[in-house]
*Asks:* 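I have a structure I would like to understand better, so I am pasting it below and will then ask my questions one at a time.
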Protein chains: 2
Amino acid sequence: MATRTDAPTRREQILKEAARLFAERGFHGVGVDEIGAAVGISGPGLYRHFAGKDAMLAELLVGISGQLLTGAKRRVREADGVGAEALLDSLIEGHIDFALDDRPLITLHDRELDRLRDSDRKLVRQLQRQYVELWVEVVRELYPELTEPTARSAVHSVFGLLNSTPHLGRAGSLPGRGATAALLHRMARGAFASAG
Amino acid sequence: MATRTDAPTRREQILKEAARLFAERGFHGVGVDEIGAAVGISGPGLYRHFAGKDAMLAELLVGISGQLLTGAKRRVREADGVGAEALLDSLIEGHIDFALDDRPLITLHDRELDRLRDSDRKLVRQLQRQYVELWVEVVRELYPELTEPTARSAVHSVFGLLNSTPHLGRAGSLPGRGATAALLHRMARGAFASAG
DNA sequence: CAGGAAGGTTAGCGGTCGTTAACCTGATGG
DNA sequence: CCATCAGGTTAACGACCGCTAACCTTCCTG
């Protein structure tokens with residue numbers, strides 16, 4: 001992975017703050033002036049970087065879905081031949097990393113999808129579907145007794161479990177990142193194991 | 001439980017439709033005219049029944065939290081002495097019933113809490129906290145090796161799992177209510193069992 | 001050193017939305 | 001039989017919000 005060391009561009013600043021604000025107060029609950037203020041410019045200045053408020057949300061959601069899918073595909077590729085056990089662990093690990101590092105995006109991901117233009121929403125849905133199907137394949141390989149609809153439901157439910165991180169108290173109430181990740185991982189595996 | 005047989009009052013109609021619309025498009029994404037139209041009256045007519053749009057959301061959220069807590073307390077009372085195993089099963093069953101029967105409310109429950117007036121939000125948070133603590137006690141009785149913060153995280157995560165029902169395709173894609181409930185139940189138990 | 005692109009600014013327009021005001025109607029009960 | 005009231009209606013107001021227009025710097029570059 002090409003690790004970023006250079007400073008974030010203004011566009012990236014804006015996207016990050018917009019994600020945070022959208023997650024906190026909802027897409028309609030945040031004004032462009034607030035987003036601008038969050039990056040030190042004011043209101044209409046945003047339009048030098050984005051076509052509009054909708055475009056920010058679209059870029060965020062497409063970006064999330066794309067990143068998740070790309071990462072998962074890479075894991076499948078790199079884990080070729082190591083067995084379904086290790087691959088599922090890798091997928092879970094990737095999803096947990098994402099859920100813990102980009103909480104606002106995870107929140108947006110299943111909250112504001114309906115606010116997108118039709119074409120963008122279709123694209124995001126397609127990316128999501130591919131991501132899910134990728135998991136379903138791995139899960140069914142590991143638990144062949146699961147029917148395909150059952151496996152899909154199980155995958156969605158585990159996503160719900162992993163995406164619960166925003167609800168795990170903001171501050172130091174949770175037992176540290178590593179411990180939280182390990183707990184979520186164990187629970188996800190336990191949930192799958194009991195699905196059949 | 002005193003089963004309702006009489007027709008729903010207008011207030012109840014409004015709340016039900018408002019819940020559905022809020023869940024579909026977000027609190028700010030729904031206008032009072034739409035809510036009115038959904039029950040056959042128009043816009044400002046709602047103000048004969050509610051002080052304002054905020055009041056509808058507040059009543060919905062307080063109602064949900066209260067119902068969840070009341071039901072859970074009843075289950076604890078009725079299950080006195082039957083052991084932690086059966087009690088946890090009962091709590092899970094109750095939560096699943098709620099998640100399957102009142103999907104819009106479940107969605108609102110963890111999506112629009114921040115839109116409430118301070119006092120209402122505090123009340124809802126307090127009811128939620130009691131509900132969580134009730135689960136935590138049972139879980140820790142059943143799995144004494146769990147620390148209290150770990151148990152609390154586990155409970156939140158299982159809520160995420162159980163509340164994933166809105167993401168399980170609207171139509172006939174899921175394998176029937178009974179099968180879905182059973183699947184969720186098994187997965188929740190498996191997740192808890194693997195938390196330690 | 002001109003000059004244009006990049007990236008800001010403020011003023012303001014147009015539309016939407018929550019809410020209120022004023023009015024109407026049908027049922028109810030003394 | 002009339003007063004009252006619950007439960008509607010439409011008109012309209014005021015606030016807010018997304019977005020555009022017009023203008024102003026700063027800086028790179030031929």
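In the text below, chain A, chain B and the rest are named by the order of the sequence lines, each starting its count at 1.
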*Asks:* Can you tell me the distance, in whole Å, between the CZ atom of B:Arg11 and the P atom of D:dA6?
*Replies:* 14 Å
*Asks:* Rounded to the nearest angstrom, tell me the gap between atom NE2 in A:His49 and atom P in D:dC19.
*Replies:* 15 Å
*Asks:* For B:Gly43, answer base if it contacts any base atom (sugar-phosphate contacts may also be present), sugar-phosphate if it contacts only those atoms, and nothing otherwise; contact means non-hydrogen atoms under 4.0 Å.
*Replies:* nothing
*Asks:* Indicate whether OP1 or OP2 belonging to C:dT9 is found under 4.0 Å from a side-chain N or O atom of A:Arg48.
*Replies:* no
*Asks:* Identify whether the distance between the nearest side-chain nitrogen and carboxylate oxygen of B:Arg125 and B:Asp114 falls below 4.0 Å.
*Replies:* yes
*Asks:* Of the options C:dG8, D:dG8, C:dT19, whose atoms approach the side-chain atoms of B:Ile41 most closely?
*Replies:* D:dG8
*Asks:* Tell me the interatomic distance from B:Arg115, atom CZ, to C:dC17, atom C1', rounded to whole angstroms.
*Replies:* 17 Å
*Asks:* Whole angstrom is fine here: how far is it from OH in B:Tyr47 over to P in C:dC23?
*Replies:* 21 Å
*Asks:* With side chains defined as the heavy atoms from C-beta onward, is the minimum distance between B:Arg189 and B:Leu142 less than 4.5 Å?
*Replies:* yes
*Asks:* Tell me yes or no: between the side chains of B:Arg117 and B:Ser119, is some donor less than 3.5 Å from an acceptor?
*Replies:* yes
*Asks:* Is it true that B:Glu133 and B:Arg129 have a side-chain N and a carboxylate O under 4.0 angstrom from each other?
*Replies:* no
*Asks:* Scan nucleotides 12-17 of chain D nucleotide by nucleotide, 5' to 3', and note B when protein non-hydrogen atoms come under 4.0 Å of the base, S if they reach only the sugar-phosphate, - if neither.
*Replies:* ------
*Asks:* For B:Phe50 and C:dT20, give me the distance from atom CZ to atom C1', rounded to whole Å.
*Replies:* 19 Å
*Asks:* So, applying side chain to side chain contact (heavy atoms under 4.5 Å, CB included) with A:Arg121, which one of A:Val124, A:Leu123, A:Asp118 is it?
*Replies:* A:Asp118
*Asks:* Parallel, tilted or perpendicular: which fits the ring planes of B:His95 and B:Phe159, with parallel below 30° and perpendicular above 60°?
*Replies:* parallel
*Asks:* Using atom CG of A:Leu46 as one end and atom P of D:dT20 as the other, report the distance to the nearest whole Å.
*Replies:* 13 Å
